[in-house]
Amino acid sequence: MNKTIAVIRGDGIGPEIVGEAIGVLDAMAAKFGHTFTYQEAPMGGNAIDAFGVPLPDSSLETCLAADSVLLGAVGGPKWDSQPSANRPERGLLKLRGAMGLYSNVRPARMFSDLSAACPLRADIAARGIDFVVVRELIGGVYFGSHSTEEVDGEQKATDIMAYSEHEIRRVARVAFDMARKRRKRVTSIDKANVLDTSRLWRKTVTEVAAEYPDVELRHMYVDNAAMQMVRDPSQFDVIVTENLFGDILSDEASQITGSIGMIPSSSMGDGTRGLYEPIHGSAPDIAGQDKANPIGTILAAAMMLRYSFDMAAEADAVEAAVDKVLKDGYRCGDILGESGTLVGCREMGSLIRQRI
Ligand code: IPM
Ligand code: MG
């Protein structure tokens, strides 16, 4: 198969980790007889420096014309003083909106070889961590209007949080469909004791659940969920929640696995074109030092193979190569532990390529 992949290398460690992911994709393509064409789409701080805006129209067009999009990470302290409408993050939000990517899937799984890196108490970790956060990605307070005005001699800021039923329904279906392929349990997370958006969320998710009688639905308040996630994460299978809650909970979910550098994510709309990225940030403190862990991006590329290109065997091959490298004891600094062999970003990429 021939596929065109838009590549957003981004800022900080972005270019290093994306470079390794492309190397792995090419090794896989050679083995399975595919051809991937990569098209650069600058976005983030580097795009602000070069074009004055975080997402130039040409990059957006490249992404919209591609079969899928691979992203490293954007942002960094260098652009912190940008006006909020021109921050690197704005580019990402604009891209998500323009591509219609309403569901963001972030698996939180503890790799058995990395359980030593789990920060939870051993008896809690022993019960295992294997759940998925499905986050609504283009609605809620992120996409409501934002304003700051002068009122009675002081500044007053407002952010609008809004949800329509169709926005809730479509992401709920993603969660229920996913649960069907897993342990058939959905936990919908909201703040229905306070927010109208959450009450509508709860009602709509409950309606969608009627289409999935084989899947168990449970509702949980977001504050309780944050606590339950550290108390007993083994209770979760598929979590579905709105944009801001999902942003916060997915960071917590990745942290409890002990391996934030290992976790990929996919953002999808109605079609097969998605945006695939690691869930970690641009880590400017270690950028350019060959220290970053490329595994999150490599596993994001595997998700692209599986979900955008329907290449399940190829995705399995990439994931198996990652598992093998870990079994063989190789570790980047973030997951080193006591007995691993420390390797840099480039060597980790090359070790994974060799095992494909
Ligand atoms: C994420 C990030 C983004 C978000 C930022 C960079 C805008 O934290 O993908 O979770 O809040 O969605
Ligand atoms: Mg986040």
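Any value given below was found using the heavy atoms of this structure, including those in side chains, with hydrogens, waters and symmetry copies removed. Start at 1 and go down the list; that is how both ligands and their atoms are numbered.
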Using a cut-off of 2.8 Å, find all protein N, O or S atoms closer to the Mg ion (ligand 2) than that distance.
-> D247 OD1

If the plane angle is over 60° it's perpendicular, under 30° parallel, otherwise tilted; pick one for H34 and F36.
-> parallel

Return yes when atom CZ of F176 has more than 12 non-hydrogen atoms of other residues, nucleotides or ligands closer than 6.0 Å, and no otherwise.
-> yes

Answer yes or no: is there an ion pair linking D190 with R202, defined by an N-O contact shorter than 4.0 Å?
-> yes

Select all protein residues for which some heavy-atom-to-ligand 1 distance is less than 4.0 Å, and list them by chain and number.
-> E89, R96, R106, R135, Y142, D247

Can you list every pair that meets salt bridge (Lys or Arg N to Asp or Glu O under 4.0 Å) and has a residue in residues 282-300, with sequence neighbours left out?
-> D290-R346

Check whether NZ of the Lys or CZ of the Arg R135 lies under 6.0 Å from the centre of the six-membered ring of Y142 and within 45 degrees of that ring's axis.
-> yes

Among K184, K181, R180, which one satisfies salt bridge (charged side-chain N to carboxylate O under 4.0 Å, His left out) with D214?
-> R180

Name all residues meeting the side chain to side chain donor-acceptor pair (under 3.5 Å) criterion together with T187; count only those two or more places apart in sequence or in a different chain, and write none if there are none.
-> R218

Inter-residue atom distance S267.OG - Y307.OH, 0.5 Å rounding = 13.0 Å

Approximate separation, where rounding is to 0.5 Å, of R306 CZ and E314 CD | 10.0 Å

